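Scope of the values below: all heavy atoms of this structure, side chains included, with no hydrogens, waters or symmetry mates. Here the structure is a predicted model, which means the values were calculated and not measured. This chain uses plain numbering: 1 for the first residue, then up along the sequence.
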Amino acid sequence: MAKFDKDLMKRLVGALGISGNEEEVRDLIRKEIKPYVDEVYVDNIGNLIAVKKGNKPKVMLSAHMDEIGLLVKRISENGFLHCTSVGDVDAALVMGQTVHIKTAKGRLHGVITIRETSAGKLLKQLPSIEDVVIDTGLTKKQLEEFGVEIGTPLPFEDNSCCSAERGLIFGKALDNRVGCYVLIELARRLKKTNWKGNPEIYFVFTVQEEVGSRGAKPSAFNIQPDWGLIVDTTHANDSFEEPSRFIGKGPCITIKDGEFIGNKCINGWLRDIARKSKIPVQLEAIETGTTDASMIQTTAGGVPTSVLCVPVRNIHTTIGISLIEDIEDTIALLEEVMKKPPLVCLV
């Protein structure tokens, strides 16, 4: 088995890329994947697409680059930055954390707080995003001179101080830098392997998934794949009394989520290959949330689509927890999948 690339994972986690501002992540992925594919380009909406040329089938493997975060909506006279959320941000879970402010003139840091906390008062109720402010210690004039304005992104600071400790990954944006890592590593392994299958593979790194999967549909429309497979993350609930998604038990195959029902042909095929290859997998059926699959599935007459999700604890916070073994199992399964992929996957 190939050695897990801790350095690449740490750089992916540390890259800043809230929805609509994925350039830093995209540049990193482009540099990493370019040696292992035949063509790399960026489409009109900002998706990064890396192509491994081949014959049939034409397969789309997709992972989103963006992460949740905050955005400046107003600068008060006392220098506080008032925020709007980008993606599903819970104000109560980010209090006291730091944001990384990047402008053309340099970088700043700010603390996520509310007025009561800033004044040393105890909270009497949970805060909302409307209550949240960013305190940089600077005045409004100083912030404006530095280039901070309405619309300036406020990504969370990377707190992955314990990255890869005891086989675990700790860090921000595991949703979905884990999926990005999986596809980069898969491309690397396929380049080094003499395999009999010869599909044409499109490794697609999408933008703006966290705000409505806006990058997925245009990419699928332009590629017109025979079938697609999304690599994302899901919230592990193994700290609950009745858990159904565990870290350490392999990737989850999505049967359904809040807006998507997985293709039965692909799901059955994934399960068969996992069983034959002795790779652990879990099944996921949940009521809320979705992935890029919901958009890709309904593109241009319909694309047979399914999802593989790596379980993550503490997802959609400033620091999540994932197990390297689950990431490796996901790569191993995809590697087996691409050895002899089906030409057609019908319902």
Determine whether a donor-acceptor pair (N or O, by modelled atom type, separation under 3.5 Å) exists between the side chain of [X] and the backbone of [Y].
X	Y	answer
Lys172	Val13	yes
Asp66	Glu22	no
Glu67	Pro155	no
Lys52	Ala187	no
Asn176	Val231	yes

Heavy atoms, side chains only, cut-off 4.5 Å: are [X] and [Y] in contact?
X	Y	value
Gln297	Val303	no
Leu70	Ile129	yes
Trp269	Val337	yes
Phe156	Ile68	yes
Ile253	Leu308	yes
Leu190	Tyr36	no
Thr136	Gln142	no
Thr318	Glu157	no

Parallel, tilted or perpendicular: which one describes the rings of Phe4 and Tyr181, with boundaries at 30° and 60°?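 Tilted: the ring planes of Phe4 and Tyr181 meet at 30° to 60°.
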Do we see a donor-acceptor contact under 3.5 Å between the side chains of [X] and [Y]?
X	Y	value
Ser213	Asp292	yes
Thr254	Asp257	no
Ser19	Gln208	no
Thr113	Asp135	no

Nearest heavy atoms of [X] and [Y], plus distance in Å:
X	Y	value
Ala274	Val281	CB-CG1, 3.7 Å
Pro304	Asp226	CD-O, 3.4 Å
Thr152	Ile101	CG2-CG2, 3.9 Å
Gly250	Asp326	N-OD1, 2.9 Å
Ala236	Pro311	CB-CB, 4.0 Å
Ser219	Asn47	CB-ND2, 3.7 Å

Residues clustering with Val211 (ILVMFWY side chains joined when closer than 4.5 Å, directly or via others):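 Ile18, Leu71, Val86, all in the cluster of Val211.
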Just to verify, which of Leu28, Val42, Val204 counts as forming a side chain to side chain contact (heavy atoms under 4.5 Å, CB included) with Leu48?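 For Leu48, the side chain to side chain contact (heavy atoms under 4.5 Å, CB included) check succeeds only for Val42.
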Are [X] and [Y] joined in one hydrophobic group, where the rule is that I, L, V, M, F, W and Y side chains link up if heavy atoms are under 4.5 Å apart?
X	Y	answer
Ile327	Leu270	yes
Phe246	Val178	no
Tyr41	Met60	yes
Val89	Val132	yes
Ile134	Val72	yes

Is the closest basic N to carboxylate O distance between Asp7 and Lys10 below 4.0 Å?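 Between Lys10 and Asp7 there is no salt bridge, as every charged N stays at least 4.0 Å from the carboxylate O atoms.
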Taking NZ, NE, NH1 and NH2 as the nitrogens, is one of them in Lys141 or Glu144 under 4.0 Å from a carboxylate oxygen of the other?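 Here Lys141 does not pair with Glu144 in a salt bridge, since their nearest N and O are not under 4.0 Å apart.
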[atom1]/[X] to [atom2]/[Y] distance, rounded to the nearest 0.5 angstrom?
X	Y	atom1	atom2	result
Asn314	Asp175	CG	CG	12.5 Å
Lys73	Leu81	NZ	CG	12.0 Å
Gln97	Met95	CD	CE	10.0 Å
Ser306	Ile255	OG	CD1	7.0 Å
Glu209	Thr291	CD	OG1	6.5 Å
His100	Arg107	NE2	CZ	4.0 Å

Begin from the C-alpha positions of Arg188 and Glu185 and carry the test salt bridge (Lys or Arg N to Asp or Glu O under 4.0 Å) through to its verdict. CA-CA 5 Å; Arg188 179 187 297 170; Glu185 184 59 26; 2.9 Å; yes
Salt bridge (Lys or Arg N to Asp or Glu O under 4.0 Å) partner of Glu24, the single match among Lys102, Arg177, Arg30, Arg11: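 In the set Lys102, Arg177, Arg30, Arg11, the residue that makes a salt bridge (Lys or Arg N to Asp or Glu O under 4.0 Å) with Glu24 is Lys102.
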Take Leu283 and Arg271 through the test side-chain contact (heavy atoms from CB on, under 4.5 Å) and record every step on the way to the result. CA-CA 9 Å; Leu283 302 181; Arg271 295 176 70 180; 3.7 Å; yes
Around atom [atom1] of [X], are there more than 12 heavy atoms from other residues, nucleotides or ligands closer than 6.0 Å?
X	atom1	value
Lys256	NZ	yes
Asn44	CG	no
Ile247	CD1	yes

Assess the residue pair Asp329 and Lys249 against the criterion (salt bridge (Lys or Arg N to Asp or Glu O under 4.0 Å)); give the C-alpha distance rounded to whole Å, side-chain angles, the decisive distance to 0.1 Å, and a yes or no. CA-CA 9 Å; Asp329 284 338; Lys249 293 192 176 183; over 6 Å; no
Evaluate Asn263 against Trp227 for side-chain contact (heavy atoms from CB on, under 4.5 Å), listing each step before the verdict. CA-CA 10 Å; Asn263 179 276; Trp227 54 270; over 6 Å; no
Which residues pass the salt bridge (charged side-chain N to carboxylate O under 4.0 Å, His left out) test with Asp90, sequence neighbours left out?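 Salt bridge (charged side-chain N to carboxylate O under 4.0 Å, His left out) check on Asp90 returns nothing, list empty.
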For Asp88, which residues count as a salt bridge (charged side-chain N to carboxylate O under 4.0 Å, His left out) partner, sequence neighbours excluded?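 For Asp88 there are no salt bridge (charged side-chain N to carboxylate O under 4.0 Å, His left out) partners, ignoring immediate neighbours.
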Arg189 and Glu328: salt bridge (Lys or Arg N to Asp or Glu O under 4.0 Å), yes or no, with the steps? CA-CA 12 Å; Arg189 296 184 191 184; Glu328 289 287 358; 2.8 Å; yes
Under the criterion side-chain contact (heavy atoms from CB on, under 4.5 Å), I'd like the reasoning laid out for Ile184 against Ile29: C-alpha separation, chi angles, the key distance, then a yes or no. CA-CA 7 Å; Ile184 296 169; Ile29 294 172; 4.0 Å; yes
When you look at Lys105 and Glu145, which way does the salt bridge (Lys or Arg N to Asp or Glu O under 4.0 Å) test go after all the steps? CA-CA 9 Å; Lys105 295 186 178 181; Glu145 288 175 348; over 6 Å; no
Test side-chain contact (heavy atoms from CB on, under 4.5 Å) on Ile230 and Ile296 and set out the steps. CA-CA 9 Å; Ile230 309 306; Ile296 293 172; 3.3 Å; yes
